[in-house]
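What follows is a set of notes on a single structure, which appears directly below.
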Amino acid sequence: MTKSADATYDIVVFGATSFVGQILSRYLLETYGLGKSLNWAIAGRSEAKLNTLKSELGSAASKLPVILADAGDEQALQAMCAQTRVIISTVGPYALYGEPLVRACVRTGTDYCDLTGEVQWIRKMVDRYEEEAKASGARIVHCCGFDSIPSDMGVWFLQEKAEQTFGAPCRDVRMRVKAAKGEFSGGTVASMMNIAKEAAADPKLRKELANPFSICPPEHRSKTRQPSLKGAEYDKTFDVWLAPFVMGAINTRIVHRSNALQEARYGKEFTYDEAMMTGRGVKGRLAAYGITGGLGAFFTASAIKPTRWLVEKFVPQPGEGPSPEAQKAGFFDLRFVGRTEDGKTIITKVTGDRDPGYGSTGKMLGEAGMCLAFDVPAEREGGFWTPSSLLDGQLLERLTSKAGLTFEVLETR
């Protein structure tokens, strides 16, 4: 059974003093207040840091409840879960610190969402705890930040419009990052480096990371070869050069799992990929080759111990991030092209009004937690879901009305 409505809190933000945790806490306070439409608390291992956060949030947060719990203390985590209906976790890299909290949520029937992009860890969590989550009623929703809400909800939106317009879903969808301004979060970089380190030491993991259906149920597979951009490539649809998009490795997996959890709503042979637009002509082509080489160098250096320390020295560290002004100046603009089996085409656009990794991610994560707490019917079963497969149109409405995202159709033909 899921947690009843008489729990002390609707939401607990775990890891509230992390960089994104602070953004999320401020967003919830400014958007929903305290003890009005939302009863919530902040949690973490350091009482001093949590109290400092309260002070920084201002007088409106003076009565914001604080819960002490360490990511490795199972007893404290279960006690925290017992007090709330939903946990929002920002404590990563999740492969290093995330499992005890997922286990506590599963065993107490507490709903949970996070902003992980670590596909190998998600696979482990699904394998170890899905049956138990179904039994307890806990709804677990990973990837509720920039990876992978814009991609997952972007495809969901496109398919909704395709079904309304053409009477059928698109068999093939491609996402292209047209423009974005912002920085990678220190937590994201740490997670990427950890994946590279694990993959270098484990051939089985490398094979799994290459599988686009790695987090889908075993019976959900496609006979159609999935597209996967490995280097610079020309895109005829937009007349631009493309480079690999670093988040594509997780976003594509989430989109395929969403399709599987919706009983192959997009089709059994659905294909999907992601890439970055780098521009037109020689300049765009050179940029595409430069990005491709840079990504390859980053993952190679991160995987090898002698060079890993050098990478760590020059990348953002967990807990570091841009100023509020820089967050407001950031944005993202994504384009989706969908084609039906009989050749009809739809082009859609998804935008965000803050930098992807921080300001926008904080708002998306907050609205995913709100959706879990207030919009998902109690009878929806427990298990490991994706944003679109569980939260669907209710999350879309929250993202557009509260979180600064837009979803629009640009063209159908």
Side-chain angles (χ1 to χ4, degrees), residues 8-73 75-77 79-84 86-94 96-98 100-101 104 112-116 144-145 182-191 312 315-330 354-355 357-370:
T8 304
Y9 305 113
D10 301 311
I11 289 172
V12 168
V13 177
F14 183 65
T17 60
S18 69
F19 200 88
V20 173
Q22 294 176 53
I23 296 170
L24 168 60
S25 297
R26 185 174 295 279
Y27 174 75
L28 291 177
L29 186 66
E30 292 177 350
T31 307
Y32 297 104
L34 185 60
K36 298 175 184 177
S37 59
L38 176 67
N39 291 313
W40 62 290
I42 55 175
R45 65 181 180 180
S46 170
E47 186 174 13
K49 289 183 178 180
L50 290 165
N51 285 329
T52 297
L53 172 60
K54 286 177 59 174
S55 298
E56 292 172 348
L57 291 174
S59 59
S62 61
K63 295 184 179 179
L64 181 60
V66 168
I67 299 173
L68 296 181
D70 186 275
D73 186 337
Q75 188 173 353
L77 294 175
M80 176 178 68
C81 289
Q83 299 178 65
T84 187
V86 176
I87 296 282
I88 304 178
S89 174
T90 68
V91 179
Y94 292 86
L96 301 179
Y97 307 115
L101 179 55
Y112 164 101
C113 62
D114 64 27
L115 44 71
T116 187
C144 292
E183 303 174 21
F184 279 115
S185 73
T188 296
V189 174
S191 297
E312 291 172 341
V315 298
Q317 300 302 304
E320 296 179 353
S323 67
E325 292 73 24
Q327 293 170 38
K328 289 180 181 178
R354 294 288 188 274
D355 69 305
Y358 294 95
S360 196
T361 279
K363 295 195 291 183
M364 287 187 276
L365 183 59
E367 291 306 328
M370 290 295 293

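This is a predicted model, so every value here is computed, not measured.
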(request) Output, in order, the C-alpha distance, side-chain angles, deciding distance and verdict of side chain to side chain contact (heavy atoms under 4.5 Å, CB included) for V12 and Q83. (result) CA-CA 9 Å; V12 168; Q83 299 178 65; 5.7 Å; no

(request) Run the numbers on T17 and S46 for side chain to side chain contact (heavy atoms under 4.5 Å, CB included), then give the verdict. (result) CA-CA 9 Å; T17 60; S46 170; 6.0 Å; no

(request) Show the numbers, then the answer: is there a side chain to side chain contact (heavy atoms under 4.5 Å, CB included) between L29 and L34? (result) CA-CA 6 Å; L29 186 66; L34 185 60; 4.3 Å; yes

(request) List the steps, then state whether side chain to side chain contact (heavy atoms under 4.5 Å, CB included) holds for V91 with S18. (result) CA-CA 7 Å; V91 179; S18 69; over 6 Å; no

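What you find for S25 and L53 is that their closest heavy atoms are OG-CD2, 4.1 Å. Counting all heavy atoms, side chain and backbone alike, G369 lies closest to I88 at CA-CD1, 3.8 Å.
A distance-only check finds a donor-acceptor pair linking the side chain of R26 to the backbone of E56 [under 3.5 Å]. Proximity of a side-chain donor or acceptor of D73 to a complementary backbone N or O of A69 within less than 3.5 Å is not detected. At least one donor-acceptor pair under 3.5 Å links the side chain of T84 to the backbone N or O of Y9. Formation of a donor-acceptor pair under 3.5 Å by the K54 side chain with backbone atoms of L64 is found in this model. Side chain of Y112 to backbone of L101: no donor-acceptor contact under 3.5 angstrom is found.
Between F14 and L77 the shortest side-chain heavy-atom distance falls below 4.5 Å.
Of the options I11, D10, V13, a side chain to side chain contact (heavy atoms under 4.5 Å, CB included) to V86 is made by I11 and by none of the others.
Surrounding OH of Y32 are more than 12 heavy atoms belonging to other residues, nucleotides or ligands, all under 6.0 Å away.
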